[in-house]
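Step one of this worksheet: look at the structure below.
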Number of protein chains: 4
Amino acid sequence: MNTPNEQRRSERSRQAILDAALDLCRERGLARTTVEEIAKRAGVGKQTIYRWWGSKAAVVEEALNERVITTTDFPDTGDLRADLRTQMAIIAQAFDSVEFAPYASLIAAAQDDPEVAESVRKNMIEPRVHACEERLRRGQEQGQLRTDVDVAEVVEFLYAPLYYRLLLRTRPVTLEQVDHVLDAAFRGVAPVRDDGSPR
Amino acid sequence: MNTPNEQRRSERSRQAILDAALDLCRERGLARTTVEEIAKRAGVGKQTIYRWWGSKAAVVEEALNERVITTTDFPDTGDLRADLRTQMAIIAQAFDSVEFAPYASLIAAAQDDPEVAESVRKNMIEPRVHACEERLRRGQEQGQLRTDVDVAEVVEFLYAPLYYRLLLRTRPVTLEQVDHVLDAAFRGVAPVRDDGSPR
Amino acid sequence: MNTPNEQRRSERSRQAILDAALDLCRERGLARTTVEEIAKRAGVGKQTIYRWWGSKAAVVEEALNERVITTTDFPDTGDLRADLRTQMAIIAQAFDSVEFAPYASLIAAAQDDPEVAESVRKNMIEPRVHACEERLRRGQEQGQLRTDVDVAEVVEFLYAPLYYRLLLRTRPVTLEQVDHVLDAAFRGVAPVRDDGSPR
Amino acid sequence: MNTPNEQRRSERSRQAILDAALDLCRERGLARTTVEEIAKRAGVGKQTIYRWWGSKAAVVEEALNERVITTTDFPDTGDLRADLRTQMAIIAQAFDSVEFAPYASLIAAAQDDPEVAESVRKNMIEPRVHACEERLRRGQEQGQLRTDVDVAEVVEFLYAPLYYRLLLRTRPVTLEQVDHVLDAAFRGVAPVRDDGSPR
DNA sequence: TGATAAACGAGACGGTACGTCCAGTCTTCTG
DNA sequence: CAGAAGACTGGACGTACCGTCTCGTTTATCA
């Protein structure tokens, strides 16, 4: 892009584009949404979209980041498992709602487009993963998490099952799932010995 | 489709189409692969593709199922954790290889196309999930797995982290990851009490 | 063509093909008729058509020649003008009927296909033109036609106006037109009286 | 068509399309010319053709009307027969030249496509026929043509033989033919002198 | 407080691919 | 072995969008 003048940018058009993109993406997914439709629904020229974004995926990414998941903060009440539950419950609810469906489309779009992948990773996933990692690290320091595990892997361990259901749609993401994941993660699935210690 | 005569089908064309689709999908992803290219590379008329498959995704699905992951069997040596490691190591290796890249594209295509989603779930995921579930159930009966966990959720718990890395590409799927996942899953991430029992 | 065995040819299929071709051509013109349709309507394999004819136009030509204009004879009662009127009236009636519409399609097809043009000229037009020319020549010998005109041009002079309306469809070909054409033509080509007044 | 904005139309593309269409039509006839070829040779998107014309025939019609027969005027020197000869000679020369071949293709296309027929009649034939009719009427008033003939039929009588040869290609359209036609026609339609002999 | 330059809406443009229709050929099975 | 059935390769169809490119028309600083 030849970097147009940001100050002259029309905020009204920008908002209309984000709205239209998000709505269309909810109605039929990103793959079935065209730039032409977004422009028409937003009452905007196509060029205005191409001027400010690199692709329709970039529009949706910005829309999601600005409208749907607006925070990267992680709660810290001192009780790690409770805080994880709080946070994961929010994500679970989101993953289960139609409002959030464009996120799955976005991850899909990232599969065959390295630029989108890079952007989603950097702007959507990493900030939130880092916030979680830091919370886990604090829990680790406070003896609420084993010290011989990699917090980055724990994040995966906890959130991957939610992504699994979001993307494979084998069954819906629920609060119950969050509890079972936390349970399995914290206690492990190995059978317990007579003395109560893990096998 | 108006169901053409299966018996008159040309096996040679079928194979050429599967080959071409898989190759193109590896080179640039399913989204950037066109039916026209597949036809041209396979030396086939487009109609022959449309006659037998509903979409390019369906072609790739059949190709993957017939060429890349050809078995749904699950090992059973009597040692559950060892068998899981064996099986997960195969998957990890696959998820990390270029040969297998079309699978991620396929899951992406499924996001905004319910027919593809349905088909992938039914023909690719479920058979393998069921095999794993059965193995877990046998392990459960033999006291190698807690009896108060849902085996379906354990499958997710184990494989979701692999899918997470496959689809979000935060880092590569490795054999090390498999070990860490199994470790965390079997032991749990909670710190161990002084008496050695879980918290 | 590799000249298949004429004796084994199925007359039943041949008739069905001619019928189907003629009907379809009447319904929507030759240009909008496909070989596939002809085959299907005739209950015949496409190959059977390609085996015996070089093009759909060839089929229609044969059908017309065998079903619609079955004779090249020219009447000869001794009165040239009356005979011309008899013959032209038949043509006019044909040119004005739907039954005959495929003939216009055929001439159209001949415009951009030299093979069709050649065949139509040779098999449809020339025999009838020659018959007319001969009748004109006999009339010439009997003093019913000026001797300094080229009979070939007289044929054109008489029939061209019918073709003009058939192909440009400015207005329908009628019996009245035939009379007007004959009237105009004969005052022009009639031999001169002894006193030098118009023939 | 949903009537796009005429003012934004690219004249350069329009000219390139007319040129390409005319050339291709001369090389192999309209029936063997594809919209795709026209677009490619004109360096134009197919949509640009479909946006402004209803069919390839419409393109050729416009091209012919704008490039090849650019006038509908009819000469009037006071001598009807001489003026007819002048005008018919132009037509004869055109009908005999390769430049003009697309006209025959166009009439062919009109046979099985009522829209093309309608348009050719209205935009190509009628204006010229009317001009000729008016000239004939003036001649009629000046005693150069019998008053009991329908000028519309005289037009047919004169031009039909040229069309006959153009479309049936039994032999080439020549200046000699024009003279013979005029000769035959005028002896027929010329008013009779006082003494009863032809004028 | 114009003027002036950028962003804007509109949408035509050159292109690519779509999914469909047929052409003409090839293959398999039936009478 | 001719024929019916119909799958095959291939090419063009007419359409949908892509991303780019003019066009006037707002709109918002600066002279």
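- We find the OG1-CD distance between A/Thr33 and A/Glu37 to be 6.0 Å, quoted to the nearest 0.5 Å.
- Looking at which nucleotide of DNA chain F each of B/Ala42 and A/Glu37 is closest to, the 5′-most match is held by B/Ala42.
- Between the CZ atom of A/Arg12 and the P atom of F/dA28 there is a distance of 10 Å, rounded to whole Å.
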Within the sub-3.5 Å range, which N or O atoms of nucleotides 27-30 of chain E have a protein N or O partner, and how far apart are they?
{"residue": "E/dT28", "atom": "O4'", "partner": "B/Arg8", "partner atom": "NH1", "Å": "3.3"}
{"residue": "E/dT28", "atom": "O2", "partner": "B/Arg8", "partner atom": "NH2", "Å": "3.1"}

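- Within the structure, every side-chain polar atom (N or O) of A/Trp52 is placed at least 4.0 Å from both OP1 and OP2 of E/dA6.
- Under the rule for a salt bridge (charged side-chain N to carboxylate O under 4.0 Å, His left out), C/Arg169 has no partner lying at least two apart in sequence or in another chain.
- For D/Lys46 against F/dG14, a side-chain N or O and a base N or O form a donor-acceptor pair under 3.5 Å.
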C/Arg41 vs C/Glu27, salt bridge (Lys or Arg N to Asp or Glu O under 4.0 Å): CA-CA, chis, key distance, verdict: CA-CA 13 Å; C/Arg41 187 174 291 203; C/Glu27 287 172 24; 2.8 Å; yes
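- When all heavy atoms of A/Ser55 and A/Val116 are compared, the closest pair comes out as OG-CG2, 4.2 Å.
- In terms of position along DNA chain F, the nucleotide closest to C/Ser13 lies nearer the 5' end than the nucleotide closest to the other residue of the pair C/Ser13 and B/Ser13.
- Contact of the D/Trp53 side chain with the D/Leu18 side chain is registered, since non-hydrogen atoms from C-beta on lie closer than 4.5 Å.
- Using a 4.5 Å heavy-atom threshold, the side chains of B/Tyr50 and B/Val35 count as touching.
- The interatomic distance linking A/Ile38 (CD1) with E/dG11 (C1') rounds to 17 Å, in whole Å.
- Taking all atoms of both residues into account, the shortest heavy-atom contact from B/Leu167 to A/Leu167 is CD1-CD1, 3.5 Å.
- Atom CZ of B/Arg32 is separated from atom P of F/dC18 by 14 Å (rounded to the nearest Å).
- The nearest whole Å value for the distance from the NZ atom in C/Lys56 to the C1' atom in E/dC21 is 12 Å.
- Nucleic acid contact class of B/Thr48 (heavy atoms, under 4.0 Å, all strands): base.
- A salt bridge does not link B/Glu61 to B/Lys122: none of the charged side-chain nitrogens sits closer than 4.0 Å to a carboxylate oxygen.
- The CD-P distance, from A/Glu11 to F/dT27, rounds to 16 Å in whole Å.
- For the contact set between residues 109-118 of chain B and DNA chain E, defined by any heavy atom under 4.0 Å, there are no members.
- For B/Arg51, a side-chain nitrogen or oxygen approaches OP1 or OP2 of F/dC8 to under 4.0 Å.
- Each of A/Gly45 and D/Asn5 has a nearest nucleotide on DNA chain E; the 5'-most of these lies closest to A/Gly45.
- In this structure, B/Trp53 atom CH2 and F/dA7 atom C1' are separated by 13 Å, rounded to whole Å.
- Along DNA chain E, the nucleotide nearest A/Arg9 and the nucleotide nearest D/Ala39 are compared for position; the residue whose nucleotide lies closer to the 5' end is A/Arg9.
- Rounded to whole angstrom, the span from the CD atom of A/Glu36 across to the C1' atom of F/dT15 amounts to 12 Å.
- Between the CD atom of D/Gln7 and the P atom of E/dG11 there is a distance of 12 Å, rounded to whole Å.
- Between B/Glu62 and B/Asn123, every side-chain heavy-atom pair lies at or beyond the 4.5 Å cut-off.
- Taking 4.0 Å as the cut-off between side-chain N and carboxylate O, A/Glu66 and A/Arg14 count as a salt-bridged pair.
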